[in-house]
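Shown next, in structure tokens, is the structure this report addresses.
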2 protein chains.
Amino acid sequence: MARTKDPAVRARLLDRAAHMLRTRQPVTLRALVAGTGVSTMAVYTYFGSMDGLWSAVRQEGFSRLAAKLDEVPSSADPADPADPADPVRDLTALGAAYVVNALENPDLYRVMFDAGFALEDAGAADETLHRLVRAVERAKEAGRFRADVDPAELALQSWAIGHGLASLVVTGPLPRQALDHAVPMLTAQFVGAGDAPDRCRRSVERGWEAVPTAASAVGG
Amino acid sequence: MARTKDPAVRARLLDRAAHMLRTRQPVTLRALVAGTGVSTMAVYTYFGSMDGLWSAVRQEGFSRLAAKLDEVPSSADPADPADPADPVRDLTALGAAYVVNALENPDLYRVMFDAGFALEDAGAADETLHRLVRAVERAKEAGRFRADVDPAELALQSWAIGHGLASLVVTGPLPRQALDHAVPMLTAQFVGAGDAPDRCRRSVERGWEAVPTAASAVGG
DNA sequence: CCACAATACATAGCAGCGCTATGTATTGTG
DNA sequence: CACAATACATAGCGCTGCTATGTATTGTGG
């Protein structure tokens, strides 16, 4: 028995915030609403505060990452019989997609891991991690890793490698080319988990190349 | 033929900024100078702007990290003959010290890797990395790694592992215990560089324990 | 030794920030 | 259809980083 919120306004504010982040404009309350026709109060109606807005932006970052990871083709159900399932390649491809996403949305990526702002949905990061866990489980089922390998642990370690490199590149200390270190690093990690060295290297290299611009955009 | 700057004022402002960061008080211009007896202008005399102050704080963070790494005992000149040189252990100890430093100064660590603020001395991060490079070189000379291993590359990869874990812990997504993943991760990395698996595991475990509170503080 | 000039530093005020108290317009519901 | 609950606009508060202006200090050439 009252006026209802318009989801389009919320989405427009969120999109504009992401756009301002991408175009490196300072995301201030007044600048944010200036282009939308609504007043500053709208931000408080939909997000409660600027911190609430940032929480929503973080959430948006994880959503886009999840969408990016979903684009990665899995070889679990190979369309081409000549292209057999290779879960280690899939696992690497997920890592490559993760890194590419960070490179394509550096400002959003920084906000995602900016401490001090709680996430709207605390399980968003866990959900991202779980995609890696499932890939590790498939690799175990395929006999690529030792039986005593804990999928959650190996997934977390792969995440740490991807995030470490992505973070150092996105925040400045390392050049883009440094992302290529993911290939030998993931290979060492997977060999340590029991995969055969030569076969592992081939899988990782193919997984890295499977993500568009993972191998090439690094040169730009 | 003019009044000279007092280095003590600069140091006091810098210390106070680090202290406010540690005690989680918002570091604003007015709050910063409030406790020092000087006016807001002093910040502009010594740092030019608040961004200049942040640059100096970043520098301070790298200085403290460098001091922390210098405290790590090297087995290059073993005091105890019963404790022979073990450069792989030394390399791990540097990684442990890096991670412990991040854990002990989380706010300073975040500022260090906060993009948008240039460093006063851009070579500060390189200098930190170079300590790792030298440790890798010693390990190569001791025959622990393959001859084709590039010390700079392996050092960078070790850094990425340490930073990845430290960053995910410091910014929230992972609990402190996750830092222990550094042990299997570094082991896999060093084995991939040619070290013998069993020997490597022992060296890494001893290196990890060599840094006070690296193995224990994780439990807190 | 001293007058000068260059510099450090204090004071006060500006524009912009996030936020909120207040008033108005809108809209679902009994 | 009248009411009440809610979205939203407007204006202003206290804060921010910053700077224009004035004053006090100090190293230096004569």
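In what follows, chains carry the letters A, B, and so on, assigned in the order in which the sequence lines appear, proteins first and then strands, with residues in each chain numbered from 1. Note that these values count all heavy atoms, side chains included, but never hydrogens, waters or copies made by symmetry.
- Under the side-chain hydrogen bond (donor to acceptor under 3.5 Å, both in side chains) criterion, no residue pair touches residues 27-49 of chain A, with sequence neighbours excluded.
- Contact check, Tyr46(B) against dA8(C): no side-chain N or O comes under 4.0 Å of OP1 or OP2.
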Encoded 5' to 3' (Watson-Crick or G-U under 3.5 Å; [ ] crossing; | other strand), DNA chain C becomes ||||||||||||||||||||||||||||||
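- Counting only distance, with no hydrogens or angles, the side chain of Arg206(A) and the backbone of Thr92(A) share no donor-acceptor pair below 3.5 Å.
- Residue pairs meeting the salt bridge (charged side-chain N to carboxylate O under 4.0 Å, His left out) criterion with at least one partner in residues 161-173 of chain B, sequence neighbours excluded, do not occur; the list is empty.
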Set out, in order, the CA-CA distance, both residues' side-chain angles and the distance that settles side chain to side chain contact (heavy atoms under 4.5 Å, CB included) for Leu53(B) and Leu32(B), then state yes or no. CA-CA 11 Å; Leu53(B) 172 75; Leu32(B) 178 66; 3.6 Å; yes
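- Taking Phe145(A) as the reference, Phe190(A) meet the ring-ring contact (aromatic ring centres under 6.0 Å, His included) condition, with sequence neighbours excluded.
- When the salt bridge (Lys or Arg N to Asp or Glu O under 4.0 Å) test is applied to Lys140(A), no partner is found at least two apart in sequence or on another chain.
- The shortest side-chain heavy-atom distance between Glu205(A) and Arg89(A) does not fall under the 4.5 Å cut-off.
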Counting primed atoms plus P, OP1 and OP2 as sugar-phosphate and everything else as base, spell out the protein contacts along nucleotides 22-30 of chain D at 4.0 Å heavy-atom distance: B, S or - for each nucleotide, 5' to 3'. ---BBBS--
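- Put simply, NZ on Lys5(B) is 15 Å from P on dA6(C), counting in whole angstrom units.
- In terms of the salt bridge (Lys or Arg N to Asp or Glu O under 4.0 Å) criterion, residue partners of Arg64(B) (sequence neighbours excluded) are, by chain and number, Glu60(B).
- In this structure, Leu69(A) CG and His130(A) NE2 are separated by 13.5 Å, a value rounded to the nearest 0.5 Å.
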Starting at the 5' end of nucleotides 11-20 of chain D, put B wherever the base has a protein heavy atom under 4.0 Å, S where only the sugar-phosphate does, and a dash everywhere else. -B---BBBBB
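- Applying the salt bridge (Lys or Arg N to Asp or Glu O under 4.0 Å) criterion to Asp86(B), with sequence neighbours excluded, gives Arg144(B).
- Contact annotation for Val38(B): backbone-only contact, meaning every heavy-atom pair under 4.0 Å involves sugar-phosphate atoms and none involves a base.
- Distance Leu32(A) CG to dG18(C) C1': 12 Å, rounded to the nearest Å.
- Evaluation of the salt bridge (Lys or Arg N to Asp or Glu O under 4.0 Å) rule for Glu153(B) yields no partner, not counting sequence neighbours.
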Sequence neighbours left out, cut at 3.5 Å: what donor-acceptor pairs do the side chains of residues 107-117 of chain A make with other protein atoms?
unit_1: Asp107(A); atom_1: OD1; unit_2: Arg24(A); atom_2: NH1; d: 3.2
unit_1: Asp107(A); atom_1: OD1; unit_2: Arg110(A); atom_2: NH2; d: 2.8
unit_1: Tyr109(A); atom_1: OH; unit_2: Tyr98(A); atom_2: OH; d: 2.9
unit_1: Tyr109(A); atom_1: OH; unit_2: His163(A); atom_2: ND1; d: 2.6
unit_1: Arg110(A); atom_1: NH1; unit_2: Val170(A); atom_2: O; d: 3.0

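- Of the residues in residues 11-25 of chain A, not one comes within less than 4.0 Å of DNA chain C through any heavy atom.
- Between Trp159(A) and Thr128(A) there is no side-chain heavy-atom pair separated by less than 4.5 Å.
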